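One structure is given below, encoded as structure tokens.
Computed from a predicted model, the values in this text were never measured in an experiment. Numbering starts at 1 and runs along the sequence shown.
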Amino acid sequence: MSSPWSRSLPRRLFCVLAAGGLALGVAACGDDGNTAAAPGGKVKITVTGQPPTSQPFERSVFDADVKEFEASHPNIQIEPHEGFMDPKTFSAKLAGGQLEDVYYVYFTDPAQIITRHQAADITEAAKSVPHINDIKPELLDNFRDASGKLFGLPTMNYTMGLLYNRTLFQKAGLDPNKPPATWDEVREDAKKISALGNGVVGYADYSKNNQGGWHMTSWLYSMGGDIARKDGDKWVADFDNEKGKQALQYLHDMRWTDNSMGAKQLLEATDVQRMMGAGQLGMYMAAPDNVPVLVKQFNGKYEDYGIAGMPGGQGTLLGGEGYMLNPKASPEKIKAGLEWIQWKYLNPDRFEKHIKQYVDGKQPVGLPAEPTPDVWQGAVRDQQLTLKAKYANVPAENFQSYVDTTSKIKGSIEPPNAQQVYAALDSVMQAVLTDQNANIDQQLSSASSKVNSVLAQVK
């Protein structure tokens, strides 16, 4: 989960009153007793995001970036910590003074973190971050509170699309350069692919370990629907309606009327990826980062795969990650932390160098994913796409349909308490895919009650 970036943040002092989450001017700054400078007058900051040793390439890139950053920022010392976000231990680490100065979050986390005053307000400080206006506004908004104050920066995002097997498309008489753009077309293409026989499945979907609920959310978004909505100051379920019925009816009909989803169900990601890697699956809903997994873990070939935008074009699920700053950190640490985030993750000046790291490491370049995440808009996004095309070592044209769509389709983040919501929705996906006579209305009604109970816990 590494990314690029370089250009020092202008050395302008600012201070953050963490207890109230308010950014103050320089005149108000004072010694809060939490500066904790490293030897030699350096500011030492702890940061999360160091990949584990089980990911040697990603780890080597991260560690090399730390050394390069410290060389170009002699006043800052980085202490990297392995790992990312563990919601179960987050609050305890903060209360016990163990939370890092710069910490990783998923897109589902910031709203509650901000509400609980567990992040520093960087509204004023972030105005000096280079290229901040080139970041997609909807991604920055994920780190804002209701009044518009900013508490973090996005460093990676993805949107769900349709991953498909180009080889099976050709065998089924379909044009791999014209992937299906609607769910009706997905259904028709799935029938033709399944007709190839020999165990080939046209379309597959997840239905357990919370992944079924995750994909059901994506289905609803693709149809212009939702899973949850804000009703005054509380969240309520929003899928026991015609959009929910429509999504489940498609799945039911592909499974039972068309027999294009195969008899084996209760699948999760590894099951579906194994089918695709073995050349036995035509399509499934996924983000672009699935492609390297298919190649590296399931013996697939980059040239066999393509990615299209989400069928229907009315919406897609938007996910991602970013970094926030410890509200107990000193002004000096917050300043240094922002310099690190900007230099490593949000720096177009390092696009080309970072891409070359991937090329030299024999990693894929040309996918709509790493090594330069798609958080950008305008000229910076164009710069990124040009460089990735220049150094592409995989058939980037296979994924152009997805790239073209991402700038046009509405992306919506996951619902609050997403994993608990998904757990409640798993049973709906399981019922429709394993019981031909499942009552869709009853399934939606029951799940809606469960999800409302989960959403009632959102503060």
Under the criterion salt bridge (Lys or Arg N to Asp or Glu O under 4.0 Å), I'd like the reasoning laid out for D374 against K136: C-alpha separation, chi angles, the key distance, then a yes or no. CA-CA 9 Å; D374 189 20; K136 293 177 180 178; 3.3 Å; yes

Would you check, one step at a time, whether the test side chain to side chain contact (heavy atoms under 4.5 Å, CB included) holds for M283 with L163? CA-CA 6 Å; M283 297 172 280; L163 199 157; over 6 Å; no

Residue pair E138, N142: steps toward the side chain to side chain donor-acceptor pair (under 3.5 Å) verdict: CA-CA 7 Å; E138 63 269 27; N142 196 52; over 6 Å; no

Yes or no on side chain to side chain donor-acceptor pair (under 3.5 Å) for K388 and Q383, after CA distance, side-chain angles and deciding distance? CA-CA 9 Å; K388 289 174 78 169; Q383 174 191 351; over 6 Å; no

Check against ring-ring contact (aromatic ring centres under 6.0 Å, His included), Y164 and Y305: CA-CA 6 Å; Y164 64 100; Y305 307 119; 9.3 Å; no

Begin with the C-alpha distance, continue with both residues' side-chain angles, and end with the deciding distance and a verdict on side chain to side chain donor-acceptor pair (under 3.5 Å) for N417 and Q112. CA-CA 9 Å; N417 284 356; Q112 294 195 57; 3.0 Å; yes

Take D253 and Q249 through the test side chain to side chain donor-acceptor pair (under 3.5 Å) and record every step on the way to the result. CA-CA 6 Å; D253 292 347; Q249 195 65 53; 3.0 Å; yes

Please test I341 against T155 for side chain to side chain contact (heavy atoms under 4.5 Å, CB included), starting from the C-alpha separation and ending with a verdict. CA-CA 8 Å; I341 296 169; T155 56; 4.3 Å; yes

Verdict with supporting geometry, D304 and K301, salt bridge (Lys or Arg N to Asp or Glu O under 4.0 Å): CA-CA 5 Å; D304 283 346; K301 298 178 181 178; 5.6 Å; no

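N290 and Q273 form a side-chain donor-acceptor contact under 3.5 Å, judged by distance and modelled atom types alone. Using a 3.5 Å distance cut-off with no hydrogens or angles, the side chains of R166 and Q170 do not pair a donor with an acceptor. Judged purely by distance below 3.5 Å, without hydrogens or angles, the side chains of D205 and W219 pair a donor atom with an acceptor atom. Between Q443 and K245, the side chains place no donor N or O within less than 3.5 Å of an acceptor N or O (distance only, hydrogens not considered). Side chains of Y302 and N393: a donor-acceptor N/O pair is absent below 3.5 angstrom, by distance only. If you check the side chains of H81 and E79, you find a donor sitting under 3.5 Å from an acceptor.
Atoms OG1 and CZ, on T123 and F143 in that order, are 13.5 Å from each other to the nearest 0.5 Å. To the nearest 0.5 angstrom, L248 atom CG is 5.5 Å from I440 atom CD1. Between the CG atom of L220 and the CG atom of N241 there is a distance of 7.0 Å, given to the nearest 0.5 Å. Atom CG of residue L162 and atom CD1 of residue I307 lie 9.5 Å apart, to the nearest 0.5 angstrom. Atoms CD and CG, on E321 and N157 in that order, are 9.5 Å from each other to the nearest 0.5 Å. For the atom pair M254 CE and M261 CE, the distance stands at 5.5 Å (nearest 0.5 Å).
You'll find the side chain of T182 reaches within 4.5 Å of the side chain of E185, heavy atoms only. At least one side-chain heavy atom of W183 sits less than 4.5 Å from a side-chain heavy atom of Y203. Residues K234 and V458 fail the side-chain proximity criterion, which asks for heavy atoms closer than 4.5 Å. Proximity of E414 to W214: side-chain heavy atoms (C-beta onward) are separated by under 4.5 Å at one or more points. For the pair V394/V365, no side-chain contact is recorded, criterion being any heavy-atom separation below 4.5 Å from C-beta on. S218 is not listed as a side-chain neighbour of T316, based on a closest heavy-atom distance of 4.5 Å or more. Contact annotation: the side chain of M160 approaches that of H215 to within less than 4.5 Å [non-hydrogen atoms, C-beta and beyond]. Contact check for L140 versus P154: side-chain heavy atoms found under the 4.5 Å cut-off.
Proximity of the aromatic rings of Y391 and Y358 is defined here by a centroid distance below 6.0 angstrom, and this criterion is not met. The ring of Y323 has its center no closer than 6.0 angstrom to the ring center of Y103.
A salt bridge links R59 and D63; the closest N-O separation between the charged side-chain nitrogens and carboxylate oxygens is under 4.0 Å. Taking a cutoff of 4.0 Å between a charged side-chain nitrogen and a carboxylate oxygen, D184 and R187 do not qualify as a salt bridge. Between E68 and R350, at least one side-chain N (NZ, or NE/NH1/NH2) sits under 4.0 Å from a carboxylate O, which counts as a salt bridge.
Using modelled atom types, one side-chain atom of N210 and one backbone atom of Q419 make a donor-acceptor pair closer than 3.5 Å.
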